[in-house]
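Let me begin by presenting the structure, written as structure tokens, before commenting on it.
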Amino acid sequence: MMTPVITIENLRTAFGDHVVHDNLSLTVNEGEILSLVGGSGSGKTTLLRQIIALDQPAAGRVEVLDKDLSTLSANDRRRLARRWGVLFQAGALFSSLTVFDNVALPLRELRTIPEDLVRDLVMSRLDMVGLSASDATKRPSDLSGGMVKRVALARALSLDPALLFLDEPTAGLDPQRSDEFVALVRALHRHLKFTVVMVTHDLDTLLALSTRIAVLADKRVIACGTAQEVLQVDHPFIHTFFLGERGRRALAELAPEETAYGKS
């Protein structure tokens with residue numbers, strides 16, 4: 001039986017007279033990788049920000065790990081936020097800190113972990129994402145785009161989260177680095193058993209990683225399921241995004257076992 005870890009009901013988001021979401025509902029189940037896709041202005045990143053309590057909807061309910069976000073105090077929200085990690089699109093590393101200190105920051109903010117244990121945990125996370133001890137002393141300005149993503153992922157995993165949120169995780173990477181990062185996320189997901197919510201417009205990343213895909217259009221979720229299930233929904237965005245030339249090529253090139261990744 002599937003266990004929901006995120007439940008969104010009748011969500012409404014508006015900025016003045018501009019309505020982004022209207023009566024949007026979605027459930028994310030424990031252990032899956034759910035991807036959010038949609039056209040420009042469909043509110044993918046806005047929805048992600050509401051799930052991690054950075055923004056509040058105009059109406060509706062967002063429940064994360066059995067907690068209704070609208071009922072939590074500021075302190076309770078901070079405690080809940082320790083149970084998830086976020087990888088922002090550009091990495092959001094602090095330029096004045098070393099790689100080590102960037103990854104250590106969430107651990108040090110707890111103020112309960114001895115520094116020698118912080119060091120062990122940071123080096124473990126760096127090793128987990130394929131970075132070496134020599135990388136720990138570097139500054140973000142010394143890193144390639146792929147390394148920035150790996151450091152940001154290590155930081156997102158520093159507190160051993162139950163939930164991992166990825167905002168365009170392969171944006172800006174060349175095809176080889178993108179494939180390597182996808183393989184890394186897939187391996188960590190299988191090993192650590194966390195739940196992933198990912199925003200992406202990259203078809204290769206989407207199809208290689210997703211257990212289910214939620215399509216945002218018309219201010220709501222118009223389809224949610226496997227790639228094969230989503231393709232059965234008759235909607236202009238789905239036709240354009242998945243069944244255009246690039247989409248057909250990505251679907252054709254995807255190996256059968258990868259297409260069914262979420263089912264294995």
Side-chain angles (χ1 to χ4, degrees), residues 2 4-29 32-64 68-70 84 86-89 163-171 195-252 254 259 261-263:
M2 292 181 290
V5 291
I6 299 172
T7 302
I8 301 168
E9 293 181 344
N10 305 320
L11 191 78
R12 178 178 174 83
T13 305
F15 299 98
D17 294 331
H18 177 59
V19 178
V20 179
H21 306 132
D22 191 23
N23 200 33
L24 183 153
S25 296
L26 179 66
T27 298
V28 181
N29 297 312
E32 73 174 333
I33 299 178
L34 184 131
S35 295
L36 301 173
V37 299
S40 177
S42 61
K44 303 180 296 295
T45 298
T46 298
L47 181 59
L48 188 68
R49 288 177 60 86
Q50 290 168 340
I51 296 172
I52 62 176
L54 291 180
D55 293 333
Q56 288 186 310
R61 185 172 69 92
V62 180
E63 185 177 287
V64 181
D68 185 337
L69 298 185
S70 66
W84 63 61
V86 185
L87 191 157
F88 295 99
Q89 181 173 341
L163 296 171
L164 178 64
F165 297 96
L166 307 176
D167 187 9
E168 299 286 2
T170 56
T195 303
V196 179
V197 177
M198 174 173 68
V199 171
T200 185
H201 71 279
D202 182 76
L203 273 162
D204 295 323
T205 300
L206 177 74
L207 296 173
L209 278 180
S210 305
T211 304
R212 290 191 303 148
I213 300 167
V215 182
L216 273 62
D218 304 332
K219 304 174 185 177
R220 59 186 177 86
V221 175
I222 61 164
C224 188
T226 65
Q228 293 87 349
E229 290 168 341
V230 166
L231 288 170
Q232 302 306 309
V233 177
D234 185 13
H235 190 277
F237 174 79
I238 292 175
H239 294 174
T240 302
F241 186 76
F242 290 97
L243 299 177
E245 180 180 350
R246 183 168 175 266
R248 289 181 183 275
R249 185 169 62 249
L251 286 164
L254 197 67
T259 305
Y261 167 62
K263 299 178 181 179

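Between the Glu168 side chain and the His201 main chain, a donor and an acceptor come within less than 3.5 Å of each other. Judged by distance alone, with hydrogens and angles left aside, the side-chain atoms of Asp202 form a donor-acceptor pair with the main-chain N or O of Thr205 at under 3.5 Å. Of the possible polar contacts, none joining the Lys44 side chain to the Leu36 backbone as a donor-acceptor pair under 3.5 Å is found.
Each of Leu203, Leu206, Val199, Ile238 was scored for a side-chain contact (heavy atoms from CB on, under 4.5 Å) with Val37, with one residue passing: Leu206.
Shown here for His239 and Val233, the closest heavy-atom pair between the two residues is NE2-O, 4.4 Å. Across all their heavy atoms, His235 and Ile222 have their closest contact at CG-CD1, 3.4 Å. Heavy-atom minimum distance, Val20 versus Gly41: CG1-O, 4.2 Å. In this structure, Ser210 and Met198 approach most closely via the heavy-atom pair OG-CE, 4.2 Å. Shortest non-hydrogen contact noted between Pro169 and Leu87 is CA-CD2, 4.4 Å. Contact between Asp68 and Glu63 at its shortest, heavy atoms only, is N-CG, 4.1 Å.
Rounded to the nearest 0.5 Å, atoms CG (Leu47) and CD1 (Ile8) are 4.5 Å apart. Within the model, atoms CD1 of Ile33 and CD1 of Ile213 stand 11.5 Å from one another, a figure rounded to the nearest 0.5 Å. In this structure, CG in Leu216 is found 5.5 Å from NE2 in His21, a value given to the nearest 0.5 Å. Between the CZ atom in Phe165 and the CZ atom in Phe88 there is a gap of 10.5 Å [rounded to 0.5 Å]. Rounding to the nearest 0.5 Å gives a distance of 13.0 Å between CG of Leu26 and CZ of Arg220. Note that CG of Leu34 and OG1 of Thr211 are 8.0 Å apart. Values are rounded to the nearest 0.5 Å.
Residues Val62 and Leu11 form a side-chain contact, since some pair of their non-hydrogen atoms from C-beta on lies under 4.5 Å apart. Between Ser25 and Asn10, the closest side-chain pair of non-hydrogen atoms falls below 4.5 Å. Counting heavy atoms from C-beta outward, Cys224 and Arg212 have side chains that approach closer than 4.5 Å. Residues Trp84 and Val64 form a side-chain contact, since some pair of their non-hydrogen atoms from C-beta on lies under 4.5 Å apart. Counting heavy atoms from C-beta on, the side chains of Phe241 and Val230 never come closer than 4.5 Å. Between Thr200 and Leu166 the shortest side-chain heavy-atom distance does not fall below 4.5 Å.
A donor and an acceptor atom, one from each side chain of Thr13 and Thr46, are nowhere located under 3.5 Å apart.
A salt bridge links Arg49 and Asp55; the closest N-O separation between the charged side-chain nitrogens and carboxylate oxygens is under 4.0 Å.
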